[in-house]
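Every value quoted in this text rests on a predicted model; they were computed, and no experiment measured them. Whatever order the structure lists them in is the order used to number ligands and atoms, beginning at 1.
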Amino acid sequence: MLIAFIAAGLCAAAQVRVIFDTDMGNDVDDALALAILHAFETRGEAKLLAVTVTKDNPYAAVLVDVIDTFYRRGEIPIGMVRNGKTPNDSPMIRVPCERLNPGGSFVYPRRMALGAAPDAVAILRQTLAREEDASVTIVQVGFSTNLARLLDSGADQYSPLSGAQLVARKVRLLVAMAGHFPPAQPEYNVVTDVPSAQKVFAEWPSPVVFSGFEVGAALLYPARSIEHDFSWVRDHPVVDAYRNYMHMPYDRPSWDLTAALYAVRPDAGYFKLSAEGTVRVDEKGNTLFTSLAGGKHRYLILDEAAKARTLEALTLLASQPR
Ligand SMILES: [Ca+2]
């Protein structure tokens, strides 16, 4: 009994407590990354505390809700950006949300009506305020809009602390799919909201690890995994998202998946890490890294020798039965 209690305590202590901040709907890697985070929670390796959305289209939040509900975690708080970037619709988010059974009910149940998600900054503040100090890992795989506004936020009913103080106290690590190392061209997540990226990467209090464009681009998620590995269930919302993003079969870079994988298993040797330094975002959205002892920023470096193992982990986790 005592041993079981201690084991449960150790297991809970080892769980990485994650907030996932996503532009769900602009590319399909966000959906696969969310599936991976659910797999980690099923395995006892992580706890998904909240999901906040930076794509300003209501189907983005509903698809997050659909995926959370599919994994039987429909209680996870979801926050939505207000007046954010990329309000355009996309089939990858809309089609799975709208699929109906012959009787007219949704193929994928959800709890949230279109447009009903609360404000992302409020959800971030509420979630952080509840957590232990220095315990939260944030995985940002879209624009920096929500996190920049979090830094600028003031005291509210959830915490007397400013946003910057709250982050300094509660967040242990930010893992961001952002940038290009070394800089080649401005990366989508950065260039879509340059002022927010400049603010977050200049002012964020915790260590930041970047997964640059080149890492996910070298690890292609295979169409054959979509076609075969998810056959344990008839209808899977992430598979539907994938099939409605581009014409099947296609392989797709695993950008956001790499950030989720590193965030939960930082010591598993999937990637190498740069030296410490600082990343500055210029006005065009380039991410310029300067090596500096004691700097809070590092970036992932693809390890050619670990590539097959890393890709296998990504496909096994994304397709893991709930
Ligand atoms: Ca994304």
Side-chain angles (χ1 to χ4, degrees), residues 18-38 48 50-68 78-81 84-94 96 117 120 124 137-148 174-181 185-194 196-197 200-201 208-221 226 237-238 240-242 244-246 250-264 281 285 287 299-300 314 317-318:
V18 175
I19 296 173
F20 185 56
D21 185 68
T22 165
D23 65 322
M24 184 69 73
N26 289 322
D27 203 320
V28 77
D29 54 337
D30 296 77
L32 287 162
L34 182 54
I36 283 178
L37 291 173
H38 278 289
L48 187 53
V51 180
T52 48
V53 177
T54 48
K55 179 176 175 62
D56 196 1
N57 180 282
Y59 284 103
V62 175
L63 185 66
V64 169
D65 189 14
V66 157
I67 293 171
D68 290 351
I78 299 169
M80 182 70 189
V81 71
K85 303 294 183 184
T86 65
N88 56 301
D89 202 354
S90 83
M92 95 158 240
I93 44 178
R94 185 171 38 76
L124 287 166
T137 296
I138 298 185
V139 180
Q140 181 196 272
V141 297
F143 324 126
S144 296
T145 320
N146 287 337
L147 298 192
L174 168 61
V175 182
M177 193 280 121
H180 210 301
F181 304 96
Q185 72 272 341
E187 184 274 322
Y188 176 76
N189 286 344
V190 175
V191 83
T192 303
D193 188 350
V194 171
S196 292
V200 167
F201 299 136
V208 182
V209 173
F210 294 80
S211 181
F213 177 92
E214 69 285 352
V215 176
L219 292 163
L220 293 183
Y221 196 93
I226 300 297
V238 173
D240 269 356
Y242 202 99
N244 283 285
Y245 180 64
M246 286 168 64
Y250 65 97
D251 299 348
R252 192 70 191 151
S254 60
W255 293 299
D256 297 355
L257 293 71
T258 64
L261 182 66
Y262 177 81
V264 178
V281 178
T287 45
Y299 60 88
L300 300 184
L314 294 175
L317 288 162

Does Thr287 reach the side chain of Phe181, with side-chain heavy atoms less than 4.5 Å apart? yes

Is it the case that the ring center of Tyr188 lies less than 6.0 angstrom away from the ring center of Phe213? no

Applying the side chain to side chain donor-acceptor pair (under 3.5 Å) criterion to Asn146, which one of Thr54, Asp21, Thr22, Asp23 satisfies it? Asp21

With a 4.5 Å heavy-atom cut-off, do Arg252 and Asp27 have their side chains touching? yes

Atoms of the protein (N/O/S only) found under 3.0 Å from the Ca ion (ligand 1): Asp23 OD1, Asp30 OD1, Asp30 OD2, Val141 O, Asp256 OD2

Is the shortest heavy-atom distance from the side chain of Phe210 to the side chain of Val190 under 4.5 Å? no

Taking all non-hydrogen atoms of both residues into account, name the closest pair between Pro186 and Val191 and its distance. CB-CG2, 3.9 Å

